[in-house]
Amino acid sequence: MDLTLTEEQRVFKAVAREFLEAEVLPHRAEWDRREEVDRAIVGRLGELGFFGLTVPEVYGGIGGDYITYAVAMEELGRVDSSVRGIVSSSSGLFGKPLLDHGTEGQKQRWLPLICSGEVLGCFGLTEPDSGSDPASLVTSARRDGADWILDGQKMFITNGTWAGVCLVFARTGGPGAKGISAFLVPTDSPGFEARAIHGKLGLRGQATAEISLTDVRVPADALLGPEGGGFAIAMTALDKGRVTVAAGCTGIVQGCLEATTSYAVQRQQFGRPIATFQLVQEAVAEMSVDADAARLLTWRAADLIDRGEPFGVAASKAKYFASEAAVRAANAALQCFGGYGYIDEYPVSKFLRDARVMTLYEGTSQIQKLLIGRAETGVSAFL
Ligand SMILES: Cc1cc2nc3c(=O)[nH]c(=O)nc-3n(C[C@H](O)[C@H](O)[C@H](O)COP(=O)(O)OP(=O)(O)OC[C@H]3O[C@@H](n4cnc5c(N)ncnc54)[C@H](O)[C@@H]3O)c2cc1C
């Protein structure tokens, strides 16, 4: 289903697939078991341009459009969602807001490091008591002369213990969305502490952290965008991030489809391949339709970004559909593998564990439905 891709996009997809199958696929089960990908892969991903997609060359990127970015994220999701998340947190949730809202100095300082993979970025919005309702966050930033002093806690931060810089959302004004600002905080700042969260169901290869900020001092030029503009920055970053998650989920569905198809044609029961049974074909057919539908919704949202048009609702639809489809496909794939699906000799148990978080982070499925419902009815269910 590549008919609408340009030649350039097809070439990037082919190069990405070849690289991921050679340098990630052989290690994914081991990285998953030991709860850490080999960090050398970050530099390799940087060399191949994964972190620099959509970023102009002047900032160390390789340019390209959002469709290409979505294609890259699908390829990553097809092989290993842990690796996909490392890339999309750094280049997407951290890098895209910096590209969109940063001063020339901020972009020159951080983007080349992010694009090369030399430094990872992370996105610090969620707090222990503020998840689906980020406007309620309580991490604070107060002025001290020309500097800002940050205090608070962040929860579930992807790349948290590996990142060199964190986009921290903190309260600089009164309650609600308008009192929130965004800051670029180097993670080696005194008072910045990241603690690894272990025991995740999936995405085990990537670092997830709880972050404490205790009197963390940053200069005035750490403020990203206008004072009080942090909530809008976070929401746009999440809208774009949802296209990324949708693309990664499309990769999971595609991976499940391919794994199930090749298993079903060789696994014999009742004296013939299980692919000959209609109920197995039904599962395969549903995965195939879900893969196409998830991809089309994702590319539609990516295309809207490329054309500079409003894309938020399209992103919510893509993320909602693709993440639910990923869980559905991984569950069905495991069923088709029978008992062999339950052990990690085959990829489907990892697909299922990794897929499960996709309906939770970057806005749960319920939140996506409220966003879509608000767009359709003109009535907000959030208040
Ligand atoms: C592996 C992982 C990585 C993550 N990475 C990051 C990261 O890099 N940066 C970051 O900032 N955050 C990150 N998160 C946090 C993630 O975005 C939040 O977990 C998510 O937004 C949900 O928030 P919560 O966990 O506090 O759940 P809650 O908001 O407490 O929700 C609990 C349940 O209530 C439901 N609910 C809440 N409000 C409503 C409503 N109005 N209507 C209907 N149902 C509702 C939810 O849908 C959910 O089912 C990550 C989480 C995980 C698990």
Side-chain angles (χ1 to χ4, degrees), residues 32 35-37 77 80-97 114 120-139 152-163 165-170 180 182-183 185 187 194-213 230-231 233-242 244-245 248-249 252 315-316 319-320 323-324 326-327 350 353-374 379-383:
D32 186 59
E35 289 196 28
E36 185 170 316
V37 305
D80 190 340
S81 291
S82 282
V83 178
R84 199 275 298 158
I86 292 169
V87 176
S88 53
S89 293
S90 190
S91 72
L93 288 175
F94 177 85
K96 303 286 181 266
I114 294 292
L120 285 176
C122 66
F123 180 81
L125 180 66
T126 304
E127 299 183 354
D129 295 319
S130 164
S132 299
D133 179 17
S136 67
L137 67 79
V138 295
T139 291
Q153 279 210 306
K154 297 291 172 182
M155 191 66 188
F156 298 133
I157 307 306
T158 303
N159 290 346
T161 49
W162 290 11
V165 58
C166 181
L167 181 57
V168 176
F169 296 89
I180 295 170
F183 295 89
V185 182
T187 59
R195 285 179 301 278
I197 297 173
H198 291 290
K200 294 196 300 273
L201 176 67
L203 300 185
R204 290 189 186 164
Q206 63 180 226
T208 307
E210 185 174 0
I211 290 172
S212 295
L213 300 128
F231 190 78
I233 291 174
M235 292 306 106
T236 311
L238 286 174
D239 281 345
K240 287 188 176 168
R242 285 165 189 159
T244 310
V245 174
C249 289
I252 293 178
S316 284
K319 198 267 181 182
Y320 166 60
S323 61
E324 295 289 342
V327 174
K350 180 175 177 333
R353 289 186 289 101
D354 289 348
R356 195 59 194 83
V357 79
M358 307 295 168
T359 68
L360 298 173
Y361 69 9
E362 301 204 27
T364 65
S365 285
Q366 286 88 343
I367 295 300
Q368 305 312 326
K369 284 191 252 189
L370 298 188
L371 293 169
I372 298 162
R374 182 175 69 185
V379 179
S380 176
F382 285 109
L383 301 174

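Computed from a predicted model, the values in this text were never measured in an experiment. Order of appearance sets the numbers: ligands from 1, and atoms from 1 within every ligand. The chain is numbered in sequence order, starting from 1.
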Between A237 and F123 the two heavy atoms that sit nearest each other are CB-CE1, 3.9 Å
Before signing off on this row, confirm whether T158 and ligand 1 have an N or O atom pair separated by under 3.5 Å. yes
Side chains of S365 and E324: do they bring a donor and an acceptor to under 3.5 Å? yes
Can you list the atoms of ligand 1 that are under 4.0 Å from a heavy atom of I157? 7 (C), 8 (O), 9 (N), 10 (C), 11 (O)
Please list the nearest protein heavy atom to atom 44 (N) of ligand 1 with its residue and the distance rounded to 0.1 Å. Q366 CB, 3.8 Å
If you scan protein heavy atoms around atom 20 (C) of ligand 1, the nearest is L360 O, 3.6 Å
Would the distance check show the side chain of K319 and the main-chain N or O of G363 forming a donor-acceptor pair, the cut-off being under 3.5 Å? yes
Which residue and heavy atom of the protein sit nearest atom 12 (N) of ligand 1, plus the separation: T126 OG1, 2.7 Å
Is it the side chain, the backbone, both or neither of L125 that has a heavy atom closer than 4.0 Å to ligand 1? both
What protein heavy atom is closest to atom 19 (O) of ligand 1, reported as residue, atom name and distance in Å? F156 CD1, 4.0 Å
Can you tell me how far apart CD (E127) and OG1 (T139) are? Round to the nearest 0.5 Å. 3.5 Å
among protein heavy atoms, the one nearest atom 40 (C) of ligand 1 is L370 CD1, 3.9 Å
Is it the case that the side chain of S136 and the backbone of D133 share a donor-acceptor pair, with hydrogens and angles ignored and the cut-off at 3.5 Å? yes
re atom 53 (C) of ligand 1, the protein heavy-atom contact at minimum distance is V357 CG2, 3.5 Å
Among all protein heavy atoms, pick out the one at the shortest distance from atom 2 (C) of ligand 1; state its residue, atom name and that distance to 0.1 Å. Y361 CD2, 3.7 Å
Specify whether the nearest protein heavy atom to atom 4 (C) of ligand 1 is under 4.0 angstrom away. yes
Show which atoms of ligand 1 fall inside a sub-4.0 Å distance from at least one heavy-atom site of T364. 46 (C), 47 (O)
To the nearest 0.5 Å, atom CZ of R242 lies from atom CD of E362 at 7.5 Å
Give the atoms of ligand 1, by number and element, whose distance to some non-hydrogen atom of E362 is under 4.0 Å. 17 (O)
Say you draw a straight line from CG of L93 to CG of L125; how long is it, rounded to the nearest 0.5 Å? 9.5 Å
Under 4.0 Å and counting heavy atoms only, is there anything from the protein next to atom 16 (C) of ligand 1? yes
Under 4.0 Å from a heavy atom of S132: which atoms of ligand 1 are those, numbered in the order shown and with their elements? 23 (O), 28 (P), 29 (O), 31 (O), 37 (C), 38 (N)
Just checking, any donor-acceptor pair under 3.5 angstrom between side chains of T126 and K154? no
Could you give the distance from CD1 (I233) to CG (L238), rounded to the nearest 0.5 Å? 12.0 Å
min-distance protein heavy atom vs atom 9 (N) of ligand 1 -> F123 O, 2.8 Å
Roughly how far apart are I252 CD1 and S81 OG, rounded to 0.5 Å? 3.5 Å
When you check the side-chain N and O atoms of S316 and Q368, is any donor under 3.5 Å from an acceptor? yes
Does the protein put any heavy atom within less than 4.0 Å of atom 32 (C) of ligand 1? no
Strictly inside 4.0 angstrom of atom 46 (C) of ligand 1, do you find any protein heavy atom? yes
